[in-house]
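Presented below is the structure to which this report refers.
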Amino acid sequence: MAFCPSCGASVEGRFCAKCGTAVGAAPPPGPQPGAPPPGYQQPGYQQPYSTPPAASGMSENLAGALCYALGLITGILFLVLAPYNQSKFVRFHAFQAIFFHVAWIIFWIGLTIITIAMPLALHILVSLLSILIGLGGFACWLLLMFKAYSNERFKLPIIGDLAEKQS
């Protein structure tokens, strides 16, 4: 007669009628009969490609995408942090993020000065145009993050060449 290990009631069968705990011998640890040996790989099967993680556990593609997250701040941060400043991929995206953000700031300062100098009718027109330009810049920022996360070295026309020279 077997007894339940959790409630102590007598058990007939594989499960305790009182608490439902499984009672009986567990299968022996180790390889089961008919199972492939450890480390066996089917012929023709390839492991999916993934970027090896850096020392902190963050992969290069994630670090490259995060370079764009806060523009200047994260770009400079990834240029200073030890495991990432040795990677050409992360350095390229960090420099491109910095240059893109600086160019965007300069562009908005210039557009603001032009908008202020305009008469009221043109001021409204330039303000509406600046909304469209802002959406385009936001879309470009998202595209840069997506391309970096996809392990692509996507270069912007002028800024990308500068970033490539620096990395």
Side-chain angles (χ1 to χ4, degrees), residues 1-105 107-108 130-156 159-160 163-164 166-167:
M1 164 128 324
F3 293 96
C4 177
S6 58
C7 70
S10 62
V11 178
E12 292 180 15
R14 293 184 49 173
F15 297 99
C16 176
K18 187 174 180 183
C19 67
T21 304
V23 179
Q32 299 296 323
Y40 174 77
Q41 206 173 13
Q42 292 179 340
Y45 175 78
Q46 291 181 337
Q47 290 285 343
Y49 174 75
S50 65
T51 307
S56 70
M58 189 183 319
S59 61
E60 283 187 350
N61 63 338
L62 180 59
L66 287 177
C67 286
Y68 297 101
L70 297 176
L72 286 170
I73 298 168
T74 52
I76 293 171
L77 186 68
F78 279 103
L79 284 177
V80 173
L81 291 176
Y84 305 108
N85 60 5
Q86 283 92 24
S87 168
K88 284 189 69 71
F89 181 79
V90 176
R91 286 178 55 87
F92 167 76
H93 284 291
F95 275 116
Q96 183 163 275
I98 291 168
F99 295 152
F100 176 72
H101 196 77
V102 167
W104 194 250
I105 290 170
F107 176 76
W108 276 109
S130 69
I131 291 172
L132 290 175
I133 292 171
L135 288 174
F138 180 71
C140 183
W141 176 70
L142 289 177
L143 176 72
L144 288 170
M145 286 181 71
F146 175 74
K147 293 291 188 175
Y149 190 72
S150 300
N151 270 338
E152 291 183 41
R153 198 179 187 122
F154 183 76
K155 287 186 349 181
L156 291 173
I159 296 170
E164 197 168 50
Q166 296 295 320
S167 64

Identify the two heavy atoms, one from V80 and one from N85, that lie closest to each other, and give their separation to 0.1 Å.
O-ND2, 3.5 Å
So, taking the atom named CD1 in I76 and the one named CG in L70, what distance separates them when rounded to the nearest 0.5 Å?
11.5 Å
According to the salt bridge (charged side-chain N to carboxylate O under 4.0 Å, His left out) rule, which pairs have a member within residues 138-147, sequence neighbours left out?
K147-E152
Any heavy-atom pair between the side chains of S130 and W108 that's under 4.5 Å?
yes
Test side chain to side chain contact (heavy atoms under 4.5 Å, CB included) on H93 and F78 and set out the steps.
CA-CA 9 Å; H93 284 291; F78 279 103; over 6 Å; no
Residue pairs passing the salt bridge (charged side-chain N to carboxylate O under 4.0 Å, His left out) test with at least one member in residues 76-98, sequence neighbours excluded, are none
Could you state the interatomic distance from CZ (F107) to CZ (F100), rounded to the nearest 0.5 Å?
10.5 Å
Closest heavy-atom contact between F92 and A163?
O-CB, 3.8 Å
Under 3.5 Å, is there a donor-acceptor pair between the side chain of Q96 and the main chain of F154?
yes
Taking every heavy atom of S167 against every heavy atom of R153, the minimum-distance pair comes out as OG-NH2, 3.3 Å
Taking the side chain as C-beta and beyond, is there a heavy-atom pair between Y149 and L62 under 4.5 Å?
yes
Give, for atom CG of L66 and atom CG of L77, the distance between the pair rounded to the nearest 0.5 Å.
10.0 Å
How long is the straight-line distance from OG of S87 back to CG of N61, given to the nearest 0.5 Å?
10.5 Å
Kindly determine whether V90 and L81 satisfy side chain to side chain contact (heavy atoms under 4.5 Å, CB included), including the steps that lead there.
CA-CA 11 Å; V90 176; L81 291 176; over 6 Å; no
For T74 and C67, the nearest pair of non-hydrogen atoms, with its separation, is OG1-O, 2.7 Å
Between F15 and G20, what is the shortest heavy-atom contact and its length?
CD2-O, 3.9 Å
For residues F99 and Q166, determine if any side-chain heavy atom of one lies less than 4.5 Å from a side-chain heavy atom of the other.
yes
Quick one: are I98 and L79 in side-chain contact, heavy atoms under 4.5 Å?
yes
Evaluate the side-chain proximity of C16 to S6: yes if any heavy-atom separation is below 4.5 Å, no if none is.
no
Heavy-atom side-chain proximity of L144 to L156 below 4.5 angstrom:
yes
Is there side-chain contact between F89 and N151, with heavy atoms separated by less than 4.5 Å?
yes
